[in-house]
2 protein chains.
Amino acid sequence: MESRPGKSQSISGKLEIDAQGQMPVTIEMVAKAAGVSPSTVSRILNGTAGVADVKRQAVNSAIDRLGFIPNPVARGLAGGRTLSIGVVTQSLDSPFYGAALRGIEIEFQKVGYTPLFISGQWNQLEEARCLDLLRARRVDGIIILDGRVDDADVCSLARNLPVVITGRSLQAPNVASLHFSNFEGAEQATQYLIELGHRRIVFIAGDPAHQDALERQRGYRAALLARGVAIDEALVVPGNFSEESGLRAVEGLLSQGKKFSAIFAANDQMAFGAALALYRHALHIPDDVSLIGFDDLQPSVYAIPPLTTVHQPSHEMGTLAATAMLQLLHGERPVLSMLSPRLIVRESTAAPSR
Amino acid sequence: MESRPGKSQSISGKLEIDAQGQMPVTIEMVAKAAGVSPSTVSRILNGTAGVADVKRQAVNSAIDRLGFIPNPVARGLAGGRTLSIGVVTQSLDSPFYGAALRGIEIEFQKVGYTPLFISGQWNQLEEARCLDLLRARRVDGIIILDGRVDDADVCSLARNLPVVITGRSLQAPNVASLHFSNFEGAEQATQYLIELGHRRIVFIAGDPAHQDALERQRGYRAALLARGVAIDEALVVPGNFSEESGLRAVEGLLSQGKKFSAIFAANDQMAFGAALALYRHALHIPDDVSLIGFDDLQPSVYAIPPLTTVHQPSHEMGTLAATAMLQLLHGERPVLSMLSPRLIVRESTAAPSR
DNA sequence: GCGCATTCTGAAACCGCTTTCACATGACCC
DNA sequence: GGGTCATGTGAAAGCGGTTTCAGAATGCGC
């Protein structure tokens with residue numbers, strides 16, 4: 001089996017380098033096998049310069065005969081490019097960001113980049129640590145999903161690396177920003193409730209530290225205003241994007257005896273909490289109260305009843321972010337259209353009963 | 001020419017990577033600043049050998065005066081260790097694995113290792129690709145969460161790298177396996193339903209390609225057997241762990257007019273689907289039908305009604321996997337106790353009505 | 001005071017690849 | 001037929017560390 005060095009694992013050699021011998025093939029070995037210099041091999045590998053066809057073929061054949069895989073670490077050191085992109089997300093275990101991460105992963109995989117995922121936990125300090133780590137790891141670029149960092153810091157980061165950032169608009173050299181219109185989404189949702197005939201519409205706000213949360217609230221207010229529905233401040237209640245805060249919000253309203261026929265929660269998770277509170281009080285969705293969320297998380301489809309919500313193209317956001325990063329890396333300036341919201345009507349909304 | 005001429009860029013005025021901010025400070029600069037050789041700095045950095053206190057202090061002071069951060073890429077090349085660990089998960093956007101990933105991230109962060117997350121999409125081929133990629137990236141070890149790879153491949157992988165694998169028991173050198181007793185968990189859940197008085201208990205099975213799914217089914221059967229409840233094969237219906245399959249399963253049973261008072265779904269997601277089917281048929285949980293899931297996903301707490309389920313210590317699993325990996329890296333043989341299941345009783349279960 | 005074991009330390013050789021530089025080669029032009 | 005150029009190619013110098021190796025300094029026993 002092992003007797004024929006250099007021949008035995010020719011075909012399948014790529015997939016399983018070598019199980020036993022584990023002697024990694026280097027560019028030098030390839031060079032020697034092909035009768036050229038390492039420089040030439042490198043040039044072929046990177047397409048850096050023209051190489052005579054004869055040699056090119058010799059090298060290519062040697063490469064897959066030996067099952068050579070360039071060592072990314074060495075490449076990173078020598079070339080300054082690591083072919084890896086840092087991705088700062090806020091949470092690894094959030095259904096929301098997960099979809100975006102997957103989108104990023106797919107896009108990068110196609111072109112041989114590797115994403116380095118790391119989570120900032122919605123914490124500015126933590127996020128700064130993440131950025132430092134990624135920089136230390138010499139990533140070629142950084143994608144920040146809904147970051148907490150200051151615009152200024154982003155810009156200074158962008159002096160060294162291309163940066164793609166979502167959740168805000170930021171015009172700067174070497175930066176691409178991807179934004180989703182939370183305002184518009186919230187407006188649509190609210191408008192829909194109004195059109196159904198609702199007038200007393202609760203808004204459960206998100207964490208005010210989030211830009212998104214504020215925008216969504218603005219959208220809610222704008223829609224009411226536009227339709228001439230008076231805003232009852234008592235119906236605008238605080239939340240922090242967690243299920244529990246949604247539950248507490250509704251409990252609070254109910255215990256105060258507030259009247260309302262619909263609830264618009266600034267995200268799905270709070271909508272779930274709200275739904276539970278209503279359930280506990282034997283209030284039926286949508287017969288007694290209509291409910292709308294925001295994000296269109298996967299569980300929303302199978303919520304009881306299935307939740308009407310504003311779709312966030314999270315996966316697509318990931319795809320776009322990755323694409324934009326690749327463009328930046330190629331020196332192009334990405335053109336990014338703002339993503340539009342889409343209201344997904346399911347079964348948690350209906351005209352008010354009375 | 002910033003602050004101290006002749007210190008910052010004296011050695012190499014060649015690379016001007018940084019536009020404005022910080023220039024990368026190298027070990028050589030530290031060495032010069034401290035009046036020692038690079039070797040000595042390296043030794044202090046790694047604790048490789050004893051160094052005179054005077055020099056040690058000089059170096060340490062130079063290090064943080066200059067804000068030196070060792071370049072992991074160079075370290076990886078020279079030392080052969082990249083301080084990064086590959087983590088193969090099945091899905092990035094699954095609430096289930098997310099918690100485990102977070103556990104891993106936390107544990108590694110403490111000790112300066114960086115996890116490299118990559119998803120295999122429950123696909124053996126894809127997973128093989130992931131493993132190749134990680135090996136090419138020269139990770140120091142690999143953690144596989146519920147992998148599809150053959151035991152044999154794991155072992156051969158382990159000849160080069162320490163491997164931690166969850167979801168199976170595997171005794172091999174340089175491998176640590178972490179297992180959770182799916183059997184016991186399913187047994188507990190079923191037993192609980194029986195104790196409540198249920199006799200006609202539906203089991204919605206998971207993807208038979210999963211080891212876990214089979215074990216859970218065995219647990220279900222064992223519990224029925226142990227309590228002398230006859231197994232009605234018509235009540236054991238196939239599923240694939242998705243919400244939709246849970247829904248279809250229950251729709252099927254209902255349309256066939258099958259009688260049952262409880263449902264045990266092999267995971268929470270299928271339980272959600274089942275719940276929706278019941279809702280559509282105006283069947284109340286738990287009054288008409290009791291429902292139990294498996295995994296204790298976060299949405300289960302806020303399901304309507306909150307779902308009784310078997311808790312999977314997913315986060316803890318991540319923590320343990322990371323810890324085990326660190327032990328392997330230190331040449332210790334990790335002792336791993338199998339994690340025990342815990343039934344979380346919430347509101348989706350009750351004694352049968354009649 | 002001498003030989004020898006210990007402990008520190010720096011020079012230099014890598015790690016595997018990219019990139020510069022200089023040197024052919026041959027094509028092209030007048 | 002001797003420049004001028006493009007084009008291909010290899011030698012060698014890094015990239016920023018780690019590690020080997022050998023020499024210097026110190027300590028110790030007798």
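All chains are named by letter (A, B, ...) in the order of the sequence lines, taking the proteins before the strands, and each is independently numbered beginning at 1. Values reported hereafter were calculated over all heavy atoms of this structure, with side chains retained and with hydrogens, waters and symmetry mates removed. Computed from a prediction, not measured in an experiment: that's the story for all the values here.
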At 4.0 Å (heavy atoms only), tell me whether [X] reaches a base, stays on the sugar-phosphate, or touches nothing.
X        : result
Thr40(B) : sugar-phosphate
Ser39(B) : base
Val36(A) : sugar-phosphate

Grab the [atom1]-[atom2] distance between [X] and [N] for me, whole Å please.
X        : N       : atom1 : atom2 : answer
Asp53(A) : dT9(D)  : CG    : C1'   : 15 Å
Phe68(B) : dG16(D) : CZ    : P     : 10 Å
Asn46(A) : dG16(C) : CG    : C1'   : 13 Å
Arg43(B) : dC8(C)  : CZ    : P     : 11 Å
Lys32(A) : dG16(C) : NZ    : C1'   : 15 Å

message = Determine whether a donor-acceptor pair (one donor, one acceptor, N or O, separation below 3.5 Å) exists between the side chain of Arg138(B) and the base of dG16(C).
response = no
key: Short N-O contact, Asp132(B) and Arg129(B), less than 4.0 angstrom   = no
What are the atom names and distances for every N/O pair under 3.5 Å that joins the protein to nucleotides 23-27 of chain D?
none

Hey, could you give me the [atom1]/[atom2] distance between [X] and [Y], rounded to the nearest 0.5 Å?
X         : Y         : atom1 : atom2 : value
Leu157(A) : Leu131(A) : CG    : CG    : 6.0 Å
Cys155(B) : Leu170(B) : SG    : CG    : 5.0 Å
Arg137(B) : Asn71(A)  : CZ    : CG    : 9.5 Å
Thr26(A)  : Phe68(A)  : OG1   : CZ    : 7.0 Å
Ile144(B) : Leu178(B) : CD1   : CG    : 12.5 Å
Leu66(B)  : Lys32(B)  : CG    : NZ    : 12.5 Å

Of the listed nucleotides [options], the one nearest the side chain of [X]:
X        : options                   : answer
Thr26(A) : dT18(D), dC17(C), dT18(C) : dC17(C)
Ile27(B) : dA11(D), dT18(C), dG17(D) : dG17(D)
Ala52(B) : dT9(D), dT9(C), dG17(D)   : dT9(C)
Val51(B) : dT9(C), dT18(C), dG10(D)  : dT9(C)

query = Do Asp146(B) and Tyr97(B) have side-chain N/O donor and acceptor atoms under 3.5 Å apart?
reply = yes
ask   = Is a side-chain donor-acceptor pair under 3.5 Å present for Gln90(B) with Ser119(B)?
value = no
key: Degree of bending, the helix from dG1(C)-dC30(D) to dC30(C)-dG1(D) (end axes from five pairs; round to 10°)   = 40°
ask   = Has Gln171(B) got more than 12 heavy atoms of other residues, nucleotides or ligands less than 6.0 Å from its CD?
value = no
Enclosure of Arg168(B) CZ (heavy-atom neighbours >12, cutoff 6.0 Å) = yes
query = Has Lys55(A) got a side-chain N or O lying under 4.0 Å from the OP1 or OP2 atom of dG10(D)?
reply = yes
query = Tell me, do Arg56(A) and Arg43(A) make a side-chain contact under 4.5 Å, heavy atoms counted?
reply = no
inquiry  = Can you list, in residue-number order, the parts of residues 70-83 of chain A that come under 4.0 Å of DNA chain D, counting heavy atoms only?
reply    = Leu77(A), Ala78(A)
